[in-house]
Amino acid sequence: MTYEVVISGFGGQGVMIIGQLLAYAGMLEGKKVSFMPSYGPEMRGGTANCAVIISDEVIGNPLVSTPQVLVAMNNPSIEKFEPMMASNGVVLTNTSIVDRLQTRADVKFFGVAANDIAADLKNAKTANIVMLGALLKIVPLIKPESLILAFEKKFVAKPEVIGINKKAFECGAAAVK
Amino acid sequence: MTYEVVISGFGGQGVMIIGQLLAYAGMLEGKKVSFMPSYGPEMRGGTANCAVIISDEVIGNPLVSTPQVLVAMNNPSIEKFEPMMASNGVVLTNTSIVDRLQTRADVKFFGVAANDIAADLKNAKTANIVMLGALLKIVPLIKPESLILAFEKKFVAKPEVIGINKKAFECGAAAVK
Amino acid sequence: MAEKVLMKGNEAIAEAAVIAGCRHYFGYPITPQTEITEYMARRMPKVNGVFVQSESEVAAINMVYGAAGAGARVMTSSSSPGISLKQEGISYIAAAQLPAVIVNIMRGGPGLGTIQASQADYFQATKGGGHGDYRLLVLAPNSVQEMIDLTIEAFDLADKYRTPIMILGDGAIGQMMEPAVLPEPVERNVDKSKWATTTRAKRTSGGPNVINSLFLQAEDLEKYNVVLQEKFATIANNEVRFDSYLTDDADIVVVGYGIMSRIAHGAIDKLRAKGLRVGLLRPITLWPFPYMAIQNLIPTAKKFLVAEMSAGQMIEDVMLAVVNRRPVYLCGKMGGVIPTVDQMIKEIIRVSEAV
Amino acid sequence: MAEKVLMKGNEAIAEAAVIAGCRHYFGYPITPQTEITEYMARRMPKVNGVFVQSESEVAAINMVYGAAGAGARVMTSSSSPGISLKQEGISYIAAAQLPAVIVNIMRGGPGLGTIQASQADYFQATKGGGHGDYRLLVLAPNSVQEMIDLTIEAFDLADKYRTPIMILGDGAIGQMMEPAVLPEPVERNVDKSKWATTTRAKRTSGGPNVINSLFLQAEDLEKYNVVLQEKFATIANNEVRFDSYLTDDADIVVVGYGIMSRIAHGAIDKLRAKGLRVGLLRPITLWPFPYMAIQNLIPTAKKFLVAEMSAGQMIEDVMLAVVNRRPVYLCGKMGGVIPTVDQMIKEIIRVSEAV
Amino acid sequence: MPKVIVDTNRCKGCALCVRACPKKLMALSTVFNAKGYNPAECIDESKCIGCALCGRACPDVAIEVYK
Amino acid sequence: MPKVIVDTNRCKGCALCVRACPKKLMALSTVFNAKGYNPAECIDESKCIGCALCGRACPDVAIEVYK
Amino acid sequence: MEKKVFGRPSLLSENYTHYCPGCAHGIIHRLVAEALEELGVADKTIGVSPVGCSVLAQNYFTCDFQQAAHGRAPAVATGIKRVHPDAVVFSYQGDGDLASIGAAEVVHAAARSEKITTIFINNTVYGMTGGQMAPTSLPGQKTTTSPYGRDVKTAGFPIRVSEMLATLDGAKYIARVSVDTPANMAKAKEAIKRAFKCQIDGIGYSLVEVLSTCPTNWGLTPVVSFDWLQKNMIPYYPLGVYKDYEEAAK
Amino acid sequence: MEKKVFGRPSLLSENYTHYCPGCAHGIIHRLVAEALEELGVADKTIGVSPVGCSVLAQNYFTCDFQQAAHGRAPAVATGIKRVHPDAVVFSYQGDGDLASIGAAEVVHAAARSEKITTIFINNTVYGMTGGQMAPTSLPGQKTTTSPYGRDVKTAGFPIRVSEMLATLDGAKYIARVSVDTPANMAKAKEAIKRAFKCQIDGIGYSLVEVLSTCPTNWGLTPVVSFDWLQKNMIPYYPLGVYKDYEEAAK
Ligand SMILES: Cc1ncc(C[n+]2csc(CCOP(=O)(O)OP(=O)(O)O)c2C)c(N)n1
Ligand SMILES: Cc1ncc(C[n+]2csc(CCOP(=O)(O)OP(=O)(O)O)c2C)c(N)n1
Ligand code: SF4
Ligand code: SF4
Ligand code: SF4
Ligand code: SF4
Ligand code: SF4
Ligand code: SF4
Ligand SMILES: [Mg+2]
Ligand SMILES: [Mg+2]
């Protein structure tokens, strides 16, 4: 099984971090993983995106041209990546910001009001982690436990962050059915 | 027939000029000719030399590694080129300056006191032309007329020089039997 | 065994250099390799190393010349246009027989081009982008792990042969993160005091230690070139590296390096599942090129497909090996475009159907 | 017909450029090509032309980029180390499709090397010393006359294809004088106002005329590269030039260019006199290389001998043509040493006797 | 009454015009433009003196001022 | 009496020592050395003051001065 | 009313720029365009863009343009000017481009007194590649390649380009300006005009150094960036005219 | 008697130089050797030779040496010094090497305040390649690439390297000296010593510009060459200390 995921948003929304967490968790789970950031002049426009592949097989091209999964943190992300999606793909949008409507019938859309949930948690910065929680609920890319482990390893120096993130992660998961 | 000639001396002795005149005259006579100067750091040491080839055939390498003819305007020239001479080659030295003795038995040595003759002509700068006159008397590289023609063409803008050079040329020729 | 870490290819190269004992880095930013420079800026001060952001790629390669001549393990890195600027310096380093590691994380060209991944500097790296007769030993990693392993090896090879080594990566491997294991720091203690400029007090040779590539007499330079060529011949004999994947029974052998070899690997797995006998020959050293390994496949292979992100450069070396005994096809991508596995599958099928 | 003059190869190139209508020269002194620079310094002011001694070879090639982009016939010249420094600029010029003439009068390398004649920059010139996929059309004169003729042609080819042309000579032909005929000045009046930067007032195109090689999207650069490659394919089809001498019945075909072809010519004449059937295939364009011409000789030739003043560079192209159907030998000289006709004869005899 | 026209598609919401206006009339709106920025607007043209300092401050030259 | 020793093989006959000597004691000889130069010599050591200005002027550091 | 008192100069194209929000490159583009139009030479201008964030400047002007290799814009401009001596040729360069890799080219264009004009954007950082140290980065300034702050002991001192070039006889007009306030913007435009006039009158080389911002890589908002410029840059890089020429006799 | 009052310093090797008769390169070599010996650092010195007539300097010293690519000696010296911070590292460069092709490298070595010393030989011409114009050639000076005399309108103005580098904060000692008279030679040696001391004390970059001769390419005798230097060069290139440092506290 191979999952090809694109995560996209404005610079500053923590898009790269959740991509790396996903790849890291996949690695901890023993999967083959790759993480590929967009780089260069795209930065200027203020958008950021990354491609994450989680697979049981050797990963060839770390770029993703036909995402099965898209995490869209803003409108331009939908604009750019929806047309590229694989049939039967899954799009998860941040409905706190994204108001664009689905245009492709062969793609499943999910939404979670990540910024609102994060605001409720009194931690606006965790909107990206909320998305992650929702994502893993919808698509079993990896086991949620692996992601919790990833938190623990990644933020070993800042234990307070681990708790906040776990909470956001769970709220995200709870926000989708 | 192919003649491979090396002309060598201190910088300022007019070595390059007589090499070029020789090649030019050869060209006027319809021969294949090439002229190849030494260049680069050798300048620093104060010596200058050039290789002239006059031939009826296409000229391959314009460098001369085994000269048949050597015109040596100073001692270091003999030192450097005598060992490289072809058997039965001809060396013409400027006896006004060169006092080194012949070391190879299979090479013919000729001498002309070019500086003295030039001084007699009240034109110290023509010592090189004196050598040229002597050379063509010894080795029939080209016809003397061709060289006179070369003077005329080369110095067309300075007719006074032509006369002086012709004179020096003839004195050079007269100085060897 | 050490734990797996998730690392960017560029950072892996940088950390591997530190592990290999490199304490001198000179470089200039350029996408998509800037992470190497930035990593060294952070890391070198922590290990008492030297990081200098040079004023240009030209300055960087000449600082490398100075530091290598002074006896250090030293590295520089850049990407395509910056590597072009280093050509004079590389020729000097090869000529003066200095050990140094030069990284090129290739981007799309020619000219300013794009910052996306490419493999169009193959000729420059393997045939000599600089003047005169010299060769770079060119290592082409295809994973983050190999970036680490080959970087460490590059320093050893540089010292072994007193010659510059190039690590030729592409923007994709440079930018991607994947799991890898970092080995323990190596201790080599190569004594260079016999030839490196270490001062009169410290040198262990008789005369002055002089780093030089000037010869006034062509004959002297010719003799020196003979020595260089003998060294290159030894390297060509000893250091060929390659990897084969399912080539034994392959009708079609894909030849590809770097990121292209991975895409080919993915394609081959899918095609094998469909029953197509396809294999992969992956050169790890681009110079010396594994001519022999390819020649050995001629009896069993029916066709060769060279997969490279260029208009066709390595294909010349493959053709030199195959010498017309089998058809050789090109799957080329230019300008920074990376093919997908599916595109590669299509290419392979096209080749399999060609008559 | 115009009179014969006795001219130095370097000066012949310079005067030929003036004859071809070149009025812009940018260069930096380096032996053994400095006479070109010095000649232009004297000559350009007399023909209302522009001579700039640039601060470096890097600056020179970028001035060429500017002047070519502005619509001028423009030339620069240098020798091996200086040409290495121009590699980034050359890649830019090729990428931006600018017509320009670049002269390399090769000297012994690698590194600082010597100032004597060499042919060890063949790879750099023909395979691309700069980054990315591009090719230089490389012309290799072997006489002062050809330096004149090919220089004039170089300017026409540059304009025809909007691409940089390299004249690849060696120090021997650059320094030697021999008889040659200078043709009348040519008038070409190529209209470049459609694409060259000529100002809003003078351009004849719609939009701004922009000289550029940057593409943000890899896909755009790929499309652009396809256009470039089509142009190079056209050049490869149309512009192969070579010369044959007694190859029809030759058992041994010597392949050599520049000064080496002359030495071979001399050797062949002497060997023919002795009854040995030797011929010469002389590439005049090194890229595009005359593969076909060599292939056409395979039926009659028994052996090939590549004669080049390098450790063996052009030999790869000859081998690509011969594809193992005949043995290919090398007569190589390195570091600035030029073989004598007698040495060449010995090499040919050695090859004729080899089994 | 002067008129301040902001090309909302060109505007990147950098607020430099806000900083520049001597009358504090420029503000970022709360709507998003196509690129996701909140474009600037003149909140009270009746107080505007037409000095064009907002325009001069704008890196995107997205403002036209009429008087 | 000071002593001025010219290494005649090293000397290139440039005459800079001649220019430098405050006592005008240095001169080029008429003999040629191996490289064809006329080496310098001190023509009258008895007048020499051992100031070594000749030595300092020599680009080839071909002069030793003893006092 | 209805008289346009401010709008886009016609030398600026209609294209949207790729610059980050609030980046001063855009202000400087406008000043250059206005200066050239006011001098009446827009129709005979040719620009040269650098490698740096302004690498796409050709998209934002309607005059002809050449995109130069990193640091080589003065050489490219020299080539153009020598072909079109009547044209007004300018290079537009960042501090990495001009003061680092292109130091030799700018020094020599100035020494040769090329009749070109350079607009030099000093934002103390490499913008395009993501915020590395520039030769103009201030002592102690944190950048991605001086992560612990620029240490003058190992990374040396900032180069004051205007002061350095003013020592050259061939440099005929050299000024440093800023675009942080309306008053300074007006002065900047005057300086740019005077620099172009130096070229148009055939006097020689001219350069205007413009202190600029890089909100993205400084990690500051555009508004705060200008405060930073005022507080940190202007004291280190004093504004003023470093070299001036006499008006050519009429 | 029998006390040697003058002779060859031991840092100079016994090799004969390839320099032309009367070329001042030889004098400057001696001054450098003496300065280093007198400072007691001959044993820890590493030199870097340029491309130019002094390309063979390594043959004339007994310390270790690296031969650098044309113009890149300051970068090579940087590489060496960063490996051997305790060594005394100097580059020896001509005006073509340093002021033309190597302009960026010297400016940046100075800006970075590398603890190295540059001995800069200004002879207004490219000696090695046969007398082409240098960035330091005087207005009107005839060279093989300015055959009608350097025309400042097309070839620009000479670069005064010392003045230019003195504008850099990283340049800690900059002086221009001459070797035309015994008095000036003594001053030259003092300047060279002070420059090395600047390095030894860890203060920063130092450079001594030495006005020198090229009898061969000037077409003058060695003796007349010094007159030419005095008459033409010194007025254009005033002697003196352009930048000095305070003695490090003991
Ligand atoms: C030869 C070469 N080296 C490096 C680069 C990478 N590069 C692109 S832009 C840049 C720096 C730009 O900084 P600056 O000139 O200050 O312009 P800014 O972006 O700040 O306006 C660098 C190093 C390149 N494209 N080419
Ligand atoms: C890259 C490169 N360009 C050009 C040259 C040729 N070259 C050798 S020395 C030299 C100039 C030397 O002049 P200068 O630095 O003034 O030293 P001088 O000989 O006068 O002491 C040049 C241009 C070279 N060797 N390498
Ligand atoms: S024109 Fe002046 S007053 Fe009006 S909004 Fe703009 S800055 Fe404010
Ligand atoms: S200055 Fe321009 S871009 Fe910035 S907010 Fe105002 S109108 Fe928008
Ligand atoms: S030591 Fe002084 S006095 Fe004696 S010869 Fe030399 S310069 Fe003249
Ligand atoms: S200065 Fe030296 S080289 Fe010159 S003449 Fe005197 S001793 Fe000889
Ligand atoms: S990175 Fe900096 S200089 Fe570049 S566009 Fe953004 S703010 Fe401007
Ligand atoms: S050419 Fe000039 S600088 Fe070079 S050694 Fe001769 S005199 Fe000295
Ligand atoms: Mg900048
Ligand atoms: Mg010089």
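Convention: sequence-line order gives letters A, B, ...; per-chain numbering from 1. Please read these numbers as outputs of a predicted model, since none were measured by experiment.
Ranked by heavy-atom pairs under 4.5 Å with chain G, the first of G71(D), A196(D), A201(D), A96(D) is A201(D). If you tally non-hydrogen atom pairs under 4.5 Å between each of R112(G), K81(G), H84(G), H70(G) and chain D, the highest count goes to H84(G). The most heavy-atom pairs under 4.5 Å with chain D, out of G71(G), S49(G), A75(G), P74(G), come from A75(G). Counting heavy-atom pairs closer than 4.5 Å to chain D, the top residue among A77(G), G47(G), A42(G) is A42(G).
Using a 4.5 Å cut-off between heavy atoms, T198(D) touches chain G through backbone and side chain atoms alike. Contact of V74(D) with chain G is not made at all, since no heavy-atom distance falls under 4.5 Å. Interface residue Y65(D): backbone and side-chain heavy atoms are both found under 4.5 Å from chain G. In this structure, chain G has a heavy atom under 4.5 Å from the side chain of V50(D), while its backbone stays farther away. Both the backbone and the side chain of A69(G) come within contact range of chain D, with heavy atoms under 4.5 Å apart. Neither the backbone nor the side chain of V48(G) comes within contact range of chain D; no heavy atom of the residue lies under 4.5 Å from a heavy atom of that chain. Of the atoms belonging to A73(G), not a single heavy atom falls under 4.5 Å from chain D.
The closest side-chain heavy-atom distance from K202(D) to D64(G) is not below 4.5 Å.
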Derivation of the side chain to side chain contact (heavy atoms under 4.5 Å, CB included) call for V210(D) and Q66(G): CA-CA 6 Å; V210(D) 171; Q66(G) 295 198 25; over 6 Å; no

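The distance from atom CD1 of I211(D) to atom CZ of F65(G), rounded to the nearest 0.5 Å, is 12.5 Å. In this structure, CD1 on I61(D) lies 12.0 Å from CZ on R72(G), to the nearest 0.5 angstrom.
In summary, the side chains of R200(D) and T45(G) do not present any donor paired with an acceptor at a separation below 3.5 Å, with no hydrogens or angles considered.
Residues T199(D) and A87(G) share a closest heavy-atom pair of CG2-CB, 3.7 Å.
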